[in-house]
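Everything on this sheet refers to the single structure shown next.
We count ligands from 1, going down the list as the structure has it; atoms in each ligand are counted the same way. Only a predicted model underlies this, so the values are computations on that prediction, with no experimental measurement involved.
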Amino acid sequence: MNAPDPNDGTTTELRDPDHDPSASLALEPQHVRRLTGLLLATSGETKPAISPINGQPLGDIPQSTEADVAEAFKRARKAQATWARTTLEERAEIFLRLHDIVLERQDEIMDLICWESGKARKHAFDEPLHIALTARYYARTAQQHLGTTRVAGVVPGLTRVEVNRIPKGVVGIISPWNYPFTMALCDGLPAVMAGNAVVAKPDAQTMLSALIGLEIMEQAGFPKDLFQMVAGPGRVIGTEIINRADYICFTGSTATGKLIAKQCAERLIGCSLELGGKNPILVLRDADLDRAAEGAVRAAFSNAGQLCVSMERMYVADQVYDKFVQKFVDRVNAMSLGASTDWGVDMGSLISQDQLDTVVAHVEDARSKGVRILTGGKARPDLSPYFYEPTVLEGTTPDVTCFGEETFGPVISIYRFSDEDDAVERANDGDYGLNASIYSQDGQRAREIARRIKCGTVNINEAFGATFASIDSPMGGMRESGMGRRQGAEGILRYTEPQAVGTQRLLRFAPMFGMSDQAYAKFMTANVKLMTKLGRK
Ligand code: NAD
């Protein structure tokens, strides 16, 4: 394998010299069977898992039936009833064990993720890390988020009000393929910490990466049936889950998110929706250009752009435009491309022919409408079946599909701006509002601009990691990028029903000592006025 040379200005192709695309893969059949054995799937049908690294099958995934989903919920309800009686300390202990095991087994996890998704190992690394951080965060903050709290009673000293956090019951999680290990688990962990059980349906293309998470949970000591997975098409198995769950957490496209919101509305159950984005980066005139160029590469090409918070639009200040664009394109050209499980790859493959078709269609549409392709712009079947080069476009006009539509691939358009207000307005264009990034050496000014950007997260001098890896910070989208938040307090409280318990002493909320209703009303009015007056002092 060639060592990447970031300074030679050319794209390095990382290919294993012994790499034979038709060779069988590293996964042993018993490994696949061990993982798929964790699924509740009795249809007798299977679906092959195909590796984007060489287009070869990795193994067969048993498919679940509607009856399997019903059975999973039955078991989950039973497990939840016992789990809800455990203490937060007991739950935290299991979570911390999960944290340790995930970090110990990270190589095995990354191998599976690379095989199944085709992503570069350094992007696969983000996944076990994110789960370890999530498990540790909720273990440490469970009491703070879930402990019973006192709130102000209407009559100080006489009305005591406490708020309990009651688990919803069984949470359904429907997750996508792009970060298959973390997306299958990260939202389920807070649900379980809050006392719920989970029935999850990870995406069919990446079941094994999800199932290794289930195996690790078992190893960490999660009770049987508390967290289960089923497999099958979203429309069928996803719908079955929605029909039975007490709450739905969905991550995926905006189109599917809208369908799911309607189904949840029919049942009057809550849902959180983590959806698509068309995320902007702003490079202000005072940005550190090297840092911005390095960050923009990660922003646009992490997991080949198949990341909800990755960037597909970049607005660069006029004063630094030419210099910055040169630096950025040089860095893109120096990326090591390859389909492999090894370290040293800067960008891996797309997941599937469907994703490749979308990327090709977007770039060809741009090319046909006169958009300049500063680098990239080609599929690379010589590297792997669904590989597409990191691509930088300039002069993308509103009639071009990828001007406003999410490509979900390694394609970014660069635009020039001369006025910061105009840049903010353009960043706010469109219907999405997931993530934005601002590069400036003036943190205060960048934070002021951030407040004007209609996105659920804004990262300053970073692409997405500053918010996404800070598990205490809420993560999610405004507008068509979603509803609700994962992570932080919001990420766990969504799985609970706040229950207020009021205890009244002495005074009753009714006339006392033979008072008439009118006298009582006068007495209460005087009291309210007095309290308000005292509160103003
Ligand atoms: P998708 O909506 O097609 O599928 C996501 C999941 O939903 C899969 O498990 C799928 O089987 C299931 N599903 C599909 N149709 C369903 C239906 N009718 N009922 C129930 N479940 C159904 O999304 P995708 O194309 O696989 O994923 C990519 C999209 O996800 C992109 O738009 C991306 O931006 C978004 N995404 C968002 C986040 C986030 O946190 N905001 C994270 C990752 C991906």
Only heavy atoms of Thr251, strictly under 4.0 Å: list the atoms of ligand 1 that pass.
5 (C), 37 (C), 38 (C), 39 (C), 40 (O), 42 (C), 43 (C)
Enumerated ligand 1 atoms positioned under 4.0 Å from heavy atoms of Asn178
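Answer, ordered by atom number: 43 (C), 44 (C).
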[Y] and [X] side chains, donor-acceptor separation under 3.5 Å:
X: His362; Y: Thr401; result: no
X: Asn279; Y: Tyr432; result: no
X: Ser336; Y: Asp346; result: yes
X: Thr206; Y: Asp203; result: no
X: Arg313; Y: Tyr315; result: yes

Among [options], which one puts a heavy atom closest to [atom]?
atom: atom 41 (N) of ligand 1; options: Asn279, Leu275, Ile242; result: Leu275
atom: atom 40 (O) of ligand 1; options: Glu406, Gln263, Arg486, Lys278; result: Arg486
atom: atom 42 (C) of ligand 1; options: Cys308, Cys186, Ser272; result: Cys308
atom: atom 20 (C) of ligand 1; options: Gly257, Gly234, Ser175; result: Gly234
atom: atom 35 (C) of ligand 1; options: Gly276, Ala210, Gly252; result: Gly252

Have a look at ligand 1 and work out which part of [X], if any, has a heavy atom under 4.0 Å from it: side chain, backbone, both or neither.
X: Leu434; result: side chain
X: Asp203; result: both
X: Tyr179; result: neither
X: Ile260; result: side chain

Is the Phe222 to Phe95 ring centre distance short of 6.0 Å?
yes
According to the interplanar angle, ranging from 0 to 90°, do the rings of Phe301 and Phe328 count as parallel (below 30°), tilted (30 to 60°) or perpendicular (above 60°)?
parallel
Report yes or no: does a heavy atom of Phe250 sit under 4.0 Å from some atom of ligand 1?
yes
Could you say whether the N/O atoms of Thr239 and ligand 1 ever approach to under 3.5 Å?
no
Is Thr254 close to ligand 1, meaning an N/O of one under 3.5 Å from an N/O of the other?
no
